[in-house]
Q: 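Following this message is one structure expressed as structure tokens.
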Number of protein chains: 2
Amino acid sequence: MDGDAFNPECPTRLVLDRIGDKWSVLVVLSLRKGPRRFTELRDMIGGVTPKVLTQTLRAMAADGLLTRHVFAEVPPRVEYELTPLGQSLQAPIRAITDWAEQHVNEVMAARESALTG
Amino acid sequence: MDGDAFNPECPTRLVLDRIGDKWSVLVVLSLRKGPRRFTELRDMIGGVTPKVLTQTLRAMAADGLLTRHVFAEVPPRVEYELTPLGQSLQAPIRAITDWAEQHVNEVMAARESALTG
DNA sequence: GTAACCAGTATCCGATGGATACCTTCGGTC
DNA sequence: GACCGAAGGTATCCATCGGATACTGGTTAC
């Protein structure tokens, strides 16, 4: 069953590569409370550049994880919103982020002692 | 609580960046049944090159996720094994891979129709 | 003497990520 | 009527990283 992920040709692996992307994870977290505009996302997610954010959002939209809705207004308004498929990613992503928060001290301690000794 | 992950300076974010790496995920899966040697890992994980596998294993060891044990034998033998910390990553990673397997069809269908339409 | 075994390095190259600057359209301001 | 600012991006350039391929070193088996 999970052996498939080891085969680079396997679709499961392709999906893993996409959702394993660090920006995708943060985008899903950013959209968990409803639609957000481009600049809102850019401001929420520290350190992301507009080019990379655009690439990430386009790729996620192509994968059916979110929708991109353009309002014909001035100044322009574009809203991104998770699809039900994208919503279903919340739980596993929360599992990862919860792990990170619970074990960040252990990891950082290990990383420190690896440097010094 | 989870807002921390949005700050690039936050340790939680640093941890996320590491465990979000696609090779790290596959290494954890590869080691779930016990220790493995370097070439075993290289062969299990399709598409990984020795250089990148070495980098990944070294980084994971520095973060305390696995141990590297060198046996003074000829030919050389090196075994990698998850630490308890690394073992604790199994559950969240399974959540992600299970999601990928369950929804791979939806994602691939969306990706297809994004290409054609 | 030479070939194989294992666990990596060494070297090189193209793709990717990131920083910075710029564009567009419109409405409001002076 | 020139100018500025807003939003949502592109354009351009450069550094870094990932990946492909080749090679090393010590020992033992042939």
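Not measured: the values here are computed from a predicted model. Values reported hereafter were calculated over all heavy atoms of this structure, with side chains retained and with hydrogens, waters and symmetry mates removed. Note on naming: letters A, B, ... go to the chains in the order of the sequence lines (proteins, then strands), and numbering restarts at 1 for each one.
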Q: With rounding to the nearest 0.5 angstrom, report the CD1 to CD1 distance, Ile96(B) to Ile93(A).
A: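 So the CD1 of Ile96(B) and the CD1 of Ile93(A) are separated by 5.5 Å.
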Q: What residue pairs, at least two apart or across chains, pass ring-ring contact (aromatic ring centres under 6.0 Å, His included) with a residue in residues 92-117 of chain A?
A: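 Listed once each, the pairs are Trp99(A)-His103(A).
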Q: For residues 41-66 of chain B, which residue pairs qualify under ring-ring contact (aromatic ring centres under 6.0 Å, His included), counting only residues two or more places apart or in two chains?
A: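 ring-ring contact (aromatic ring centres under 6.0 Å, His included) check on residues 41-66 of chain B returns no pairs.
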Q: Starting from the C-alpha separation in whole Å, work towards a yes-or-no answer on side chain to side chain contact (heavy atoms under 4.5 Å, CB included) for Asp98(A) and Gln102(A).
A: CA-CA 6 Å; Asp98(A) 286 353; Gln102(A) 283 168 26; 4.2 Å; yes
Q: Can you pull the ring-ring contact (aromatic ring centres under 6.0 Å, His included) pairs that have at least one residue in residues 43-74 of chain B, sequence neighbours excluded?
A: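 Every pair satisfying ring-ring contact (aromatic ring centres under 6.0 Å, His included) with a residue in residues 43-74 of chain B: His69(B)-Phe71(B).
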Q: Taking five pairs at each end of the helix from dG1(C)-dC30(D) to dC30(C)-dG1(D), what angle separates the two helix axes (nearest 10°)?
A: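 One end axis against the other gives 30°.
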Q: How long is the straight-line distance from CZ of Arg68(A) back to OG1 of Thr54(A), given to the nearest 0.5 Å?
A: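 The OG1 atom of Thr54(A) sits 8.5 Å away from the CZ atom of Arg68(A).
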Q: State whether the side chain of Arg32(B) and the backbone N or O of Leu29(B) hold a donor-acceptor pair below 3.5 Å, judged by distance alone.
A: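 Pair found, side chain donor or acceptor close to backbone of Leu29(B).
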Q: Apply side chain to side chain donor-acceptor pair (under 3.5 Å) to Arg77(B) and list each qualifying residue two or more places apart in sequence or on a separate chain.
A: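 Here the qualifying residues are Glu73(B), Glu79(B).
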Q: Determine yes or no for a side-chain-to-main-chain donor-acceptor pair under 3.5 angstrom, with Arg13(A) supplying the side chain and Ala5(A) the backbone.
A: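 Here the side-chain-to-backbone pair exists.
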Q: Return a table of donor-acceptor pairs under 3.5 angstrom between the side chains of residues 34-44 of chain A and protein atoms on other chains or two or more places apart.
A:
| residue | atom | partner | partner atom | Å |
| --- | --- | --- | --- | --- |
| Glu40(A) | OE1 | Arg37(A) | N | 2.7 |

Q: Taking any atom under 4.0 angstrom from a heavy atom of chain A, which nucleotides of DNA chain C are the first and last to qualify, 5' to 3'?
A: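 Using the under 4.0 Å cut-off, the span is dG17(C) to dC26(C).
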Q: Extract, from 5' to 3' on DNA chain D, the first and final nucleotides lying under 4.0 angstrom from some heavy atom of chain A.
A: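 In short, chain A contacts DNA chain D from dA6(D) to dT12(D).
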Q: Is there a side-chain contact between Val27(B) and Thr56(B), using heavy atoms and a 4.5 Å cut-off?
A: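 Side chain of Val27(B) against side chain of Thr56(B), heavy atoms only: contact under 4.5 Å found.
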Q: Contacts to DNA chain D from residues 66-80 of chain A, heavy-atom cutoff under 4.0 Å, which residues?
A: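 Result for residues 66-80 of chain A: Arg68(A), Pro75(A), Pro76(A), Arg77(A), Val78(A), Tyr80(A), sorted by number.
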Q: Is there a path of hydrophobic side-chain contacts, each under 4.5 Å between heavy atoms of I, L, V, M, F, W or Y residues, that connects Met60(B) with Val70(B)?
A: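 Met60(B) clusters together with Val70(B).
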Q: Can you list everything that forms a side chain to side chain donor-acceptor pair (under 3.5 Å) with Arg18(A)? Sequence neighbours excluded, please.
A: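 Partners of Arg18(A) by the side chain to side chain donor-acceptor pair (under 3.5 Å) criterion, ordered by chain and then number, come out as Asp63(A).
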Q: Strictly below 4.0 Å, heavy-atom distances to any atom of DNA chain C: list the hits from residues 42-57 of chain B, or just say none.
A: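 Result for residues 42-57 of chain B: Pro50(B), Lys51(B), Thr54(B), sorted by number.
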Q: Using side chain to side chain donor-acceptor pair (under 3.5 Å) as the criterion, list what pairs up with Thr83(B), not counting sequence neighbours.
A: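 Expected list: none.
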Q: Roughly how far, to the nearest 0.5 Å, is CZ of Arg94(A) from CG of Leu89(A)?
A: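 Spacing of CG (Leu89(A)) from CZ (Arg94(A)) equals 13.0 Å.
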